[in-house]
Undergrad: 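Before I ask anything, let me first share the structure, which is written out below as structure tokens.
In each ligand, atom 1 is the first atom listed, and ligand 1 is the first ligand listed. All residue numbers refer to positions in the sequence shown, counting from 1.
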Amino acid sequence: MMPLVDPFARAISYLRVSVTDRCDFRCSYCMSEHMTFLPKAELLSLEELDRLCTAFVRMGVQKLRITGGEPLVRKGILTFFEAMSRHLQSGALQELTLTTNGSQLAKFAEPLAALGVRRVNVSLDTLDPTKFTEITRWGRLQQVLDGISAAKAAGLRVKINAVALKGFNEDEVFSLLDWCAREDHDMTFIEVMPMGDDMGTGLRLDQYWPLKDLRARLTDRFTLTELPDRTGGPARYVRIDQTGQKLGFITPLTHNFCESCNRVRLTCTGQLYMCLGQEDMADLRSPLRASPDDAALETAIRAAIARKPKGHDFDYSRQDVRGQMTRHMSHTGG
Ligand code: SAM
Ligand code: SF4
């Protein structure tokens, strides 16, 4: 079958799939405390998610990242991982992975590892229990730390993702890094993005801490060596010479990655977003539900990829929020 290639000659080999918009946390930069979730009937069933992902794998997707919302709160999620693991076994899929808040990992780490998951990204912005509950509103730090330990014990490689938040975890940059070095976790800092509906309050603009400032702070203590690693996404990597750690920076606001973008995002309702920073999307649920045969679905996927834009429009540079997205990260899948 013809692989998926967009109009800018970028091969689409990476699909991120949000399997639910629900979550057991309410991180302040991601959701409002009284978030309304989609009616369950709107969601794709696990069988539908399987069919859709399988179509993408057939069309050349080699890496699948499961996200949400919190993917591990979706009922029956292991059934879905099990279904995807058959593509690992066949060799069609190179990697099956997930991004999680870690709250359910104590329960799921072992079965996930048994199904062929090798790596997991865990979001953790602070190691202070009080601050953790402040930022996640509903989370308990110890539960996440236990989940991370379980992941490690199950042989999963852990990467810690921390959103860099001004006035919140500025003072924890070194302690987070030290902890990751001790525990042998990789680490990535993420710039906060203008998503969701709290933007009108200016909340996230106040919280915006450019990673170039964070980097400058790191160089007070460390020598950073640029690494050539590219994943086709917005991450750039450095080696910290003093500790040997690999550290990632995700700077979606600095237009430095679109030209090599290899990914698309599927929401839990079957909408395909060709770019995280653009409103354009394609509804794949209708062709999926219209026929048990995948021909119409494949046509819809190709038509969508043919509309993948060159880049996105996020821009904080003028101190207002341009290119702001009204949808939530938990819907599109971060
Ligand atoms: N619940 C899972 C988790 O927290 O890892 C997966 C979904 S969450 C939406 C994925 C990632 O998006 C998390 O690392 C989270 O910190 C990040 N995120 C959420 N809202 C964000 C925002 N406004 N700007 C930047 N990153 C954000
Ligand atoms: Fe939930 Fe993840 Fe959003 Fe936090 S960032 S509210 S854990 S989906």
Undergrad: Answer with side chain, backbone, both or neither: which part of Val192 has a heavy atom less than 4.0 angstrom from an atom of ligand 1?
TA: both
Undergrad: Should Val158 and Leu177 be counted in the same cluster of Ile, Leu, Val, Met, Phe, Trp and Tyr side chains packed under 4.5 Å apart?
TA: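 In one cluster: yes.
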Undergrad: Under a 4.0 angstrom heavy-atom cut-off, which atoms of ligand 1 come close to Gly68?
TA: 7 (C), 9 (C)
Undergrad: Going by heavy-atom distance to atom 5 (O) of ligand 1, choose the closest among Ala164, Ser123, Ser103.
TA: Ser123
Undergrad: Give a yes or no on this: more than 12 heavy atoms of other residues, nucleotides or ligands lie within 6.0 Å of atom CE of Met2.
TA: no
Undergrad: Less than 4.0 Å is my threshold; does some heavy atom of Gly68 fall inside it relative to ligand 2?
TA: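 No, that is not the case, since the closest heavy atom of the residue is not under 4.0 Å from the ligand.
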Undergrad: Under 4.0 Å from any heavy atom of Val163, which atoms of ligand 1 are there?
TA: 16 (O), 26 (N)
Undergrad: Evaluate Glu183 against Lys152 for salt bridge (charged side-chain N to carboxylate O under 4.0 Å, His left out), listing each step before the verdict.
TA: CA-CA 9 Å; Glu183 297 289 324; Lys152 205 173 151 183; 3.4 Å; yes
Undergrad: Which ligand 1 atoms, with their elements, are less than 4.0 angstrom from a heavy-atom of Thr100?
TA: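 In order of number, 2 (C), 3 (C), 5 (O).
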Undergrad: Does at least one non-hydrogen atom of Gly69 fall below 4.0 angstrom from an atom of ligand 1?
TA: yes
Undergrad: With a cut-off of 4.0 Å, which atoms of ligand 2 are near a heavy atom of Phe25?
TA: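 Atoms satisfying the 4.0 Å criterion: 6 (S), 7 (S).
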Undergrad: Between Lys131 and Phe168, is NZ or CZ placed under 6.0 angstrom from the six-membered ring centre and within 45° of the ring axis?
TA: yes
Undergrad: Does Arg51 form a side-chain contact (heavy atoms from CB on, under 4.5 Å) with Asp294? I'd like the steps, not just the answer.
TA: CA-CA 8 Å; Arg51 231 182 104 196; Asp294 285 345; 2.8 Å; yes
Undergrad: Under 4.0 Å from a heavy atom of Tyr29: which atoms of ligand 1 are those, numbered in the order shown and with their elements?
TA: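 Numbered from 1, ligand 1 contributes 16 (O), 18 (N), 19 (C), 20 (N), 21 (C), 22 (C), 23 (N).
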Undergrad: Specify the closest pair of heavy atoms between Asp50 and Ala83, including all atoms of both residues, with the distance to one decimal.
TA: OD2-CB, 3.4 Å
Undergrad: Taking 4.0 angstrom as the limit and counting only heavy atoms of Glu191, give me the atoms of ligand 1 inside it, by number and element.
TA: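 Near Glu191, meaning under 4.0 Å from one of its heavy atoms, ligand 1 has 25 (C).
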Undergrad: Give the C-alpha distance, both sets of side-chain angles, the deciding distance and a yes or no for side-chain contact (heavy atoms from CB on, under 4.5 Å) between Lys246 and Leu227.
TA: CA-CA 9 Å; Lys246 182 174 158 181; Leu227 293 174; 3.8 Å; yes
Undergrad: Let me check your reading of the structure: within less than 2.8 Å of atom 1 (Fe) of ligand 2, is there an N/O/S atom from Cys30?
TA: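 No N, O or S atom of Cys30 is closer than 2.8 Å to atom 1 (Fe) of ligand 2, so no.
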Undergrad: Would you name the heavy atoms of Thr100 and Leu72 that are closest together and state the gap between them?
TA: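 Scanning both residues, the minimum pair turns out to be OG1-CD1, 3.9 Å.
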Undergrad: Run the numbers for me: atoms of ligand 2, each under 4.0 Å from some heavy atom of Cys27, listed by number.
TA: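 Heavy-atom distances to Cys27 below 4.0 Å select 4 (Fe), 5 (S), 6 (S), 7 (S).
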Undergrad: What do you reckon, does Asp125 have a nitrogen or oxygen under 3.5 Å from a nitrogen or oxygen of ligand 1?
TA: no
Undergrad: Check whether any side-chain N or O of Glu110 sits under 3.5 Å from a backbone N or O of Ala154 as a donor-acceptor pair, and report yes or no.
TA: no
Undergrad: Would you say Thr67 and ligand 1 have an N/O pair spaced under 3.5 Å apart?
TA: no
Undergrad: Ignoring angles and geometry beyond distance, decide whether Asn161 reaches within less than 3.5 Å of ligand 1 through its nitrogen or oxygen atoms.
TA: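 No - when backbone and side-chain N and O of Asn161 are compared with those of ligand 1, no distance drops under 3.5 Å.
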Undergrad: Got an N/O contact under 3.5 Å between Thr99 and ligand 1?
TA: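 No, no N or O pair falls under 3.5 Å.
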Undergrad: Would you say the rings of Phe174 and Phe222 are close, in the sense that their centroids are separated by under 6.0 Å?
TA: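 Yes - the distance between ring centres of Phe222 and Phe174 falls below the 6.0 Å cut-off.
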